[in-house]
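Contents: one structure, followed by commentary.
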Amino acid sequence: MEGRGRPGGRREILLRLARTGGVYVPAFYDVSYRADGQIDQVVATEPGVPDRVEKHTVMDLDAWPYPKQPLVPLAESVHERMSVEIFRGCTRGCRFCQAGMITRPVRERSISGIGAMVEQGLAATGFEEVGLLSLSSADHTEIADITKGLADRYEGTQTGLSLPSTRVDAFNIDLANELTRNGRRSGLTFAPEGGSERIRKVINKMVTEEDLIKTVAAAYGAGWRQVKLYFMCGLPTETDEDVLQIAELAKRVIETGREVSGRRDIRCTVSIGGFVPKPHTPFQWAAQLSAADTDARLAKLREAIRSDKRYGSSIGFRYHDGEPGIVEGLLSRGDRRVGAVVEAVWRDGGRFDGWSEHFSYERWMRCAATEFAKNGLDVDWFTTRERDEDEVLPWDHVDSGLDKTWLWDDWQDALSEREVDDCRWTPCFECGVCPSMGTTIETGPTGKKLLPLTVVNGPAL
Ligand code: SF4
């Protein structure tokens, strides 16, 4: 019935969308390969379809206060709360972070826009918790006023407020304290990401060990009992020593916590994920660590934590095996030839692979071996292989605004352990996004000091 009532049918719709320049329709692009397996070129096959697809950017978030009426699941969900996005983009420049890279520049929602979304969203959903989300919520220029305003507004009600895992910064403890004025202070989460000072320079996570210790001291001192720390294993240039530093950090965290709180029942949980290089980041050229090496490194870390008599029993350790990370890596940086592997896995019975009880590494590797045998490639070629500067990457024709030369230079800076500042507070370092997309950084402060809301159980503000 193709085309009935719609001249040209589905194909015509796709073609018109592709011609806008902002919608990627893979069927209208042809990929050719070189004898060594690398991509030779990707070209548009239809007239009027551009060779590169551009991302589009909403500049005024207040004009788009969505979702207004989020669906409320009947079943209990993991994050049972309403989410309000307080800004988009992040220019801190963490080199592993695809979300930060592809959503530049920073665009803040105003304090009054946030207040209205919280109020209307709670009325529409009945949720009892609101999460103030973004890629790094404490970086909103008016976050102190937002948290105070909302805490005042909902004081004495059933409505709880939360910020997601935050940067390592004592200021964030003040924010968390404000949001839990009446509530229980159970756990706080921070993401130093790398165990050693050296590896944090490589990934551009500008956090010193002293920052972390000061931050956890403020947290335990304010009555928080549990601190969770997120790290990654398998980062570029990483050695066993970098990862073993995580154990030393965790021990110092417990030691500090016991000192400032005067208690022995405080805890620190270390949670570690395997690093998977992502497209559109400076690490898109990096080699991923093999599953066996990841597991071996994490086993050494577990041993270093468990064997510690003074602090070991106060430190929790959560980690992911290396094998699922390799499948993630294959999907992350694969090209359309990996599509055949995905289909083969599905035909072989693969379902719900994100659940560990259904995940079969053996099936993925078997199907990949069969499919890749047709073109002389293997899983390592897609995952543990470092790419050269001039290689055509499978996503080069999807334009996130980032200049590829800037990304390469940032990759070289990573290898030289050179950090790059946040362009919100320093001059533009020319990543390419603003001039190529016609955008600018949109931050406050707006000068408004209180949310234009009334206190639910009290006098009007
Ligand atoms: S172009 Fe400059 S100001 Fe804009 S996001 Fe990139 S570094 Fe920041």
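Counting starts at 1 for both ligands and their atoms, following the listed order. It should be emphasised that the depicted structure is a prediction, and the values quoted were computed from it without experimental measurement.
Protein heavy atom at the shortest distance from atom 6 (Fe) of ligand 1 is Cys431 SG, 2.3 Å. Here the protein heavy atom with the shortest distance to atom 8 (Fe) of ligand 1 is Cys423 SG, 2.3 Å. In terms of protein heavy-atom proximity, atom 2 (Fe) of ligand 1 is nearest to Cys428 SG, 2.4 Å.
Partner of Arg92 under the side-chain hydrogen bond (donor to acceptor under 3.5 Å, both in side chains) criterion, chosen from Asp139, Asp421, Asn204: Asp139.
Every atom of ligand 1 is numbered from 1 in the order shown, and the set under 4.0 Å from a heavy atom of Phe429 is 7 (S).
For the residue pair Ser416/Asp413, the side-chain donor-acceptor check at 3.5 Å is not satisfied.
In this structure, Asp378 contributes its side chain and Trp381 its backbone to a donor-acceptor pair below 3.5 Å. Between the side chain of Arg107 and the backbone N or O of Ile441 there is no donor-acceptor pair closer than 3.5 Å.
Figure legend: cation-pi geometry between Arg11 and Phe28 absent, as NZ or CZ is not positioned both under 6.0 Å from the six-membered ring centre and within 45° of its axis.
For a distance bound of 2.8 Å, the N, O or S atoms of Cys434 include none lying that close to atom 6 (Fe) of ligand 1.
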